Amino acid sequence: MKNIAIIGSGTMGNGIAHVFAQKGFKVNLIDISQEALEKGLATISKNLDRMIAKEKINEMDKANTLTNISTFTSLKEGVSDVDLAIEAATENVELKLSIFKELDTFCKEGTILATNTSSISITQIAAVTARPSKVIGMHFMNPVPIMQLVEVIRGYSTSDETTARIMELSAKLDKTPTEVNDYPGFVANRILMPMINEAIETLHHGVAGVKEIDTVMRLGMAHPMGPLQLADFIGLDVCLSILNVMHEGFKNPKYAASPLLVNMVTAGKLGVKSGEGFYDYSQNKKAETVSQQFSK
């Protein structure tokens with residue numbers, strides 16, 4: 001596989017495009033507007049500059065990486081001749097199903113169709129295509145250029161050949177592919193989201209404050225960041241969406257989202273992306289100032 005299409009140029013999409021292009025793959029980055037594509041390319045350029053500053057790459061590496069990326073606002077044009085198409089759109093079931101119906105129509109017969117979904121059923125997505133054996137999950141972690149894991153999710157009909165090719169491809173990106181089966185939340189979010197939700201409930205019940213909860217988990221459990229800061233980083237709307245998928249999929253009340261999380265998303269307090277969540281990001285993107293709502 002040499003030619004890769006990435007559908008969606010947001011946080012995950014541009015990160016996936018970055019790692020493929022840096023490894024010499026030809027990447028077609030696709031989004032609905034030129035403005036979104038330019039924003040995605042600007043993020044890739046900024047992240048490459050950070051790598052130059054850390055002496056991990058040089059200016060020529062940056063130039064070659066950016067040269068490997070072409071942009072498209074037409075899905076049909078962007079995927080017509082690729083070996084692999086990776087959907088990295090918003091975590092919305094209907095949107096993903098719509099995209100996969102189009103990918104199945106526009107892509108070559110042998111093209112593998114992958115989704116970066118963090119919780120939605122691969123089997124459900126594959127069912128809207130005529131190639132379910134060639135549909136698979138590639139769940140990259142954020143930030144993609146840094147995080148090593150790729151959760152490779154087999155749908156009910158995903159073939160051994162498709163799985164093997166994606167495992168091999170992920171390794172070529174210097175990632176660690178880990179094969180899992182298709183159940184709501186897979187492995188990463190099935191374990192992570194209930195922890196984040198419980199941290200939110202702990203705050204909601206007044207057991208401890210925002211910084212105190214995060215400090216306990218960072219220093220006591222050796223987590224690189226606390227669960228409330230991590231929730232802000234992921235996006236509280238994304239956290240809620242994943243919890244809802246698991247709650248619906250398992251019919252188990254332990255996956256029910258905290259009322260505090262629901263209220264914050266309803267109020268538009270989504271974390272870093274909105275400028276405020278459990279922390280206030282109006283001055284900088286670091287979780288240094290607790291949101292006024294939760295400050296003592």
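Counting from 1, the numbers follow the sequence of the chain as shown. Since the structure is predicted, the reported quantities are computational estimates derived from the model, not experimental observations.
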Partner of Thr111 under side-chain contact (heavy atoms from CB on, under 4.5 Å), chosen from Asn3, Val79, Val82: Val82
Got a second to check how far [X]'s [atom1] is from [Y]'s [atom2], nearest 0.5 Å?
{"X": "Cys239", "Y": "Phe233", "atom1": "SG", "atom2": "CZ", "answer": "11.5 Å"}
{"X": "Ile69", "Y": "Leu29", "atom1": "CD1", "atom2": "CG", "answer": "6.5 Å"}
{"X": "Leu41", "Y": "Lys46", "atom1": "CG", "atom2": "NZ", "answer": "13.0 Å"}

Cluster check [X], [Y]: I/L/V/M/F/W/Y, side chain < 4.5 angstrom:
{"X": "Ile16", "Y": "Leu113", "value": "no"}
{"X": "Leu192", "Y": "Phe140", "value": "no"}
{"X": "Leu270", "Y": "Val272", "value": "yes"}
{"X": "Ile99", "Y": "Ile153", "value": "yes"}
{"X": "Leu243", "Y": "Phe250", "value": "yes"}

Side chain to side chain contact (heavy atoms under 4.5 Å, CB included) between Val27 and Asn68, worked out: CA-CA 6 Å; Val27 176; Asn68 284 334; 5.6 Å; no
Linked hydrophobic residues, Met141 as query - side chain contacts closer than 4.5 Å: Met147, Leu149
Phe106 CZ: over 12 foreign heavy atoms closer than 6.0 Å: yes
Contacts of type side-chain contact (heavy atoms from CB on, under 4.5 Å), residue Ser170, not counting sequence neighbours: Met138, Val150, Val152, Ile166, Pro177
side-chain contact (heavy atoms from CB on, under 4.5 Å) partners of Ser157, counting only residues at least two apart: Pro132
Determine whether the side chains of [X] and [Y] contain a donor N or O and an acceptor N or O closer than 3.5 Å.
{"X": "Asn14", "Y": "Ser9", "result": "no"}
{"X": "Asn189", "Y": "Ser119", "result": "no"}
{"X": "Tyr156", "Y": "Asn181", "result": "no"}

Between [X] and [Y] (salt bridge meaning N to carboxylate O under 4.0 Å), is one present in this structure?
{"X": "Asp232", "Y": "Lys273", "result": "no"}
{"X": "Asp31", "Y": "Lys39", "result": "no"}
{"X": "Asp81", "Y": "Lys108", "result": "yes"}

Residue pair Ser258 / Glu201: nearest heavy atoms and the distance that separates them: OG-OE1, 2.7 Å
Set of side-chain hydrogen bond (donor to acceptor under 3.5 Å, both in side chains) partners for Thr71, sequence neighbours left out: none
With sequence neighbours excluded, residues passing side-chain hydrogen bond (donor to acceptor under 3.5 Å, both in side chains) with Ser118: Glu91
Any residue meeting salt bridge (charged side-chain N to carboxylate O under 4.0 Å, His left out) with Asp104, in chain and number order, not counting sequence neighbours: Arg131
Check: Ala114 main-chain N/O paired with Glu87 side-chain donor or acceptor under 3.5 Å: no
Step-by-step salt bridge (Lys or Arg N to Asp or Glu O under 4.0 Å) determination, Asp49 to Lys62: CA-CA 8 Å; Asp49 285 338; Lys62 176 185 176 181; 2.7 Å; yes
